[in-house]
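Excluded from the calculations below are hydrogen atoms, water molecules and symmetry mates; all remaining heavy atoms, backbone and side chain alike, are included.
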Number of protein chains: 2
Amino acid sequence: MPQLGLLPRRAWATLLSQLLRPPRAVCIREAGCHGQVAEAVLTAQLKSDQEKPNFIVKIPKGTRDHSPQQIVVREKILDMVVSCFKRHGAKGLDTPAFELKEMLTEKCGENFGLIYDLKDQGGELLSLRYDLTVPFARYLAMNKLKKMKRYQVGKVWRRESPTIAQGRYREFCQCDFDIAGQFDPMIPDAECLKIICEILSGLQLGDFLIKMSWKDVRHEMVAKKGLAPEVADQIGDYVKCHGGISLVEQMFQDPRLSQNKQALEGLTDLKLLFEYLTLFGISEKISFDLSLARGLDYYTGVIYEAVLLQTAAKAGEESLNVGSVAAGGRYDELVAMFDPKGHKVPCVGLSIGVERIFYIMEQKMKASGEKVRTTETQVFVATPQKNFLQERLKLIAELWDSGIKAEMLYKNNPKLLTQLHYCENMGIPLVVIIGEQEQKEGVIKLRSVPSREEVAIKRENLVAEIQKRLSES
Amino acid sequence: MPQLGLLPRRAWATLLSQLLRPPRAVCIREAGCHGQVAEAVLTAQLKSDQEKPNFIVKIPKGTRDHSPQQIVVREKILDMVVSCFKRHGAKGLDTPAFELKEMLTEKCGENFGLIYDLKDQGGELLSLRYDLTVPFARYLAMNKLKKMKRYQVGKVWRRESPTIAQGRYREFCQCDFDIAGQFDPMIPDAECLKIICEILSGLQLGDFLIKMSWKDVRHEMVAKKGLAPEVADQIGDYVKCHGGISLVEQMFQDPRLSQNKQALEGLTDLKLLFEYLTLFGISEKISFDLSLARGLDYYTGVIYEAVLLQTAAKAGEESLNVGSVAAGGRYDELVAMFDPKGHKVPCVGLSIGVERIFYIMEQKMKASGEKVRTTETQVFVATPQKNFLQERLKLIAELWDSGIKAEMLYKNNPKLLTQLHYCENMGIPLVVIIGEQEQKEGVIKLRSVPSREEVAIKRENLVAEIQKRLSES
């Protein structure tokens, strides 16, 4: 076990005690209170010196670390998702990881059991957010905002029960896009569906389908009209098998509907939506399916869920997680639940299930066998001789100060081969080499790792030359 | 209050009930279990229809939302910080927001009281992380990693007591950079100090100073040698007033030290560090100050804290938060506390206190009065006539599909003036205008918002022209 960490301490104590001529009086006056601090520090110190862990080192059930390799994949995906949200004019928003418990509990109906509560340590009762939609509604009501187009990326937490937790995570990332405000019907709804299509196409996850339903229709039929749900499902199937627009046309021709004012209004909305989806060129991606029901209770009107068609089969151990990679819908009454006067702010939005997408992308990359770089280092500072640490430090500081991504080994006298191997393993494209010869001639050797070509460059031109090479590559 | 959300529901119920011919038998068989679902949905539905909040809408004490304006500032800062970490070859890492309680409690000594525990809902006892260092050490030990240079950006949570909570947040963001591994002395330590300087200079926060101390020296003197701490502080002052390197030189000339082996070892380390800091060109930013003590117990050896000199005075209501914007140090024994065999992995790192920096940057921007764009929209799709929604939708989809950031109003027939005002308010540089005239001639009008110049462009050349203009600007 390296003792290096301990030496300076002993050394320093001696070092400074030598310098010491304590004025007595002060000692006595102050010693007491400081003594306690000293004790605390000492205890902690001794503990950390001797302690062996009396527990198994692990992380909470349903959570995971993300390694550097995974971070690279995740950032690639998140950048893609967020840039799509920004392409559609969304503003960013961030809310706390936890909210007052009462802000969350009333809103999620069936999902009560899934909420992580914080321990009552005196003060407020808090819970971790289980989605980004309820906090968004709370934000709108709290700030009396009547319209907002926002995106939010963040972690959410759900206490998935062990049985269904398999293949799911209790901490997971959500990417949400929502349009709040009173607008002409179906235009924002159509844009949300367009966004899902853009993201899933852009990520090249294979063929996908968006199943669309109408929460209130299902609810009205099941709860209010007291009809058996499988009948609703029958309609769902009936509707589904007729696909999108053709169905609407057919309904219009059905006198039972066309003669009913409210039925006509409903029909008009559905027709509008499909019309807009056609103009967006995505109508064939949408399938109307009344059997679809979403977990959270706050939805009203249209709801949708995107499933992957090809990869669904390959899901393997995540079989329980198959398919659904994006979902959302309209929730016109959620904001009103936070507003003292119950003022409504109609909302429609979507959430990208990035964890599932991460999993698929990771599998793809593993399959393709391509090596992922976990650093972005552009230049490595090396030396073939001993006693060139000072030169390397001066050189690398110059590179850093010029904005160049540079690394070196934290050794006084590393072997050249070790340094070059490091570059090849890490995929660093350029090496600058400084040795006696170069120093004499006032040059630096610049080596291309892939081609192994080396050229001597005047010390003062080095940064410019590196920047030139990097801009070219 | 807009009733629009309700109409389609009623309409749809009618619409679909018309299509219904329920097969009796099935009804009876299934009705029961579905009845409950129906009930649940109905309850939730009625609630959301009628409920007025019986509570004040607010967020937890010590937390805050970040508005779109704030997000813009935060992202600017975080990008700067992370790009510096990457410039120094760090890999990304992410760990869960909460850990097993026992993983955190033993490590933070004095800070016990600051930990947020999760409620025991059956299963593991969990706590929210209070920093990113302990989870990093846990990650290294769990994965048996002997070396790693990683950065992590994430939220941490501390139950600051009300008295000191003023001006502080209980949820705040940390940006950490750490170097784990057994290396030649003081090289990684020097790089950490270099990184702090690069970031604080890069953010142009005004003049700053890094106060450096040696935790174990202070501890040894106070606890082990039983010397009164104010004496240690005297040395601190003594040391401080002599500044950096000059002090070391002076110590070397002091026979009481130069004749003591361990003292010489300690001196050599300090001299080395200052030597490296000089090569990095930052030695004058560092002041040795033994009076500095850091809150967390896991530090060993060198510790440091960066304070802003100019803005400290202006701190205003955040007076308790004055100064410290970055801190860190060496913690050679933390990883061993997670390792079954107690194997050591020496570590040194730093943490950027971004909340404080956000505050300063926000004040600067307010003072400068510059208007911050909260969206990145490049093109707005407008029309001067009625009944051009379809054309606008087709057009905007074409722009989105070409990767152009585009917006339009979600109205069937918006006024042209309203549309142009929106562009000016939101700082959108380009407007495409489609009307009858343009449609006849097969062109689109492209308008520059700043100059108000308009040119007609062939419909088929529009995207190319827009991309050309955007690449030029």
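For a residue to count as touching a neighbouring chain, one of its non-hydrogen atoms must lie under 4.5 Å from one of that chain's; by this rule B/K86 touches chain A with backbone and side chain alike. Looking at B/K149, only its side chain comes within 4.5 Å of chain A, counting heavy atoms on both sides. B/Q121 touches chain A through backbone and side chain together, each having a heavy atom under 4.5 Å away. If you measure heavy-atom distances from B/A90 to chain A, the contacts under 4.5 Å come from the backbone alone. Using a 4.5 Å cut-off between heavy atoms, B/L126 touches chain A through its side chain atoms alone. Looking at B/L409, there are no atoms closer than 4.5 Å to chain A (heavy atoms on both sides), in backbone or side chain. B/R159 touches chain A through its side chain: at least one heavy atom from C-beta onward sits under 4.5 Å away, while N, CA, C and O do not. With a 4.5 angstrom heavy-atom cutoff, B/K394 touches chain A via backbone and side-chain atoms both. Only the side chain of B/E75 has a heavy atom closer than 4.5 Å to any heavy atom of chain A.
Heavy-atom pairs under 4.5 Å with chain B peak, among A/K119, A/K411, A/E99, A/K405, at A/K119. Listed options A/I404, A/D117, A/T95 were ranked by heavy-atom pairs under 4.5 angstrom with chain B; first place goes to A/D117. Taking A/M142, A/R150, A/R74, A/Q70 one by one and counting their heavy-atom pairs under 4.5 Å with chain B, the maximum is reached by A/M142. Ranked by heavy-atom pairs shorter than 4.5 Å toward chain B, the options A/P135, A/G92, A/P96, A/G89 are led by A/P96. Among the candidates A/D120, A/T377, A/T63, the residue making the largest number of heavy-atom pairs closer than 4.5 Å to chain B is A/T63.
The minimum heavy-atom distance linking A/E124 with B/P60 is given by the pair OE1-CA, 3.6 Å.
Using cut-offs of 30° and 60° for the angle between ring planes, the B/F183 and A/Y410 rings count as perpendicular.
For the pair B/K155 and A/D94, the salt-bridge criterion is met [side-chain N within less than 4.0 Å of a carboxylate O]. In this structure, B/R64 does not pair ionically with B/E171, as no charged nitrogen and carboxylate oxygen lie closer than 4.0 Å. Under 4.0 Å is where a charged nitrogen must lie from a carboxylate oxygen, and between B/K344 and B/D339 no such pair does. Salt bridge A/E376/B/R87: absent, no basic N to carboxylate O contact under 4.0 Å. Between B/R330 and B/D332 there is a salt bridge, since a side-chain N of the basic residue sits under 4.0 Å from a carboxylate O of the acidic one.
Proximity of a side-chain donor or acceptor of B/D184 to a complementary backbone N or O of A/N412 within less than 3.5 Å is detected.
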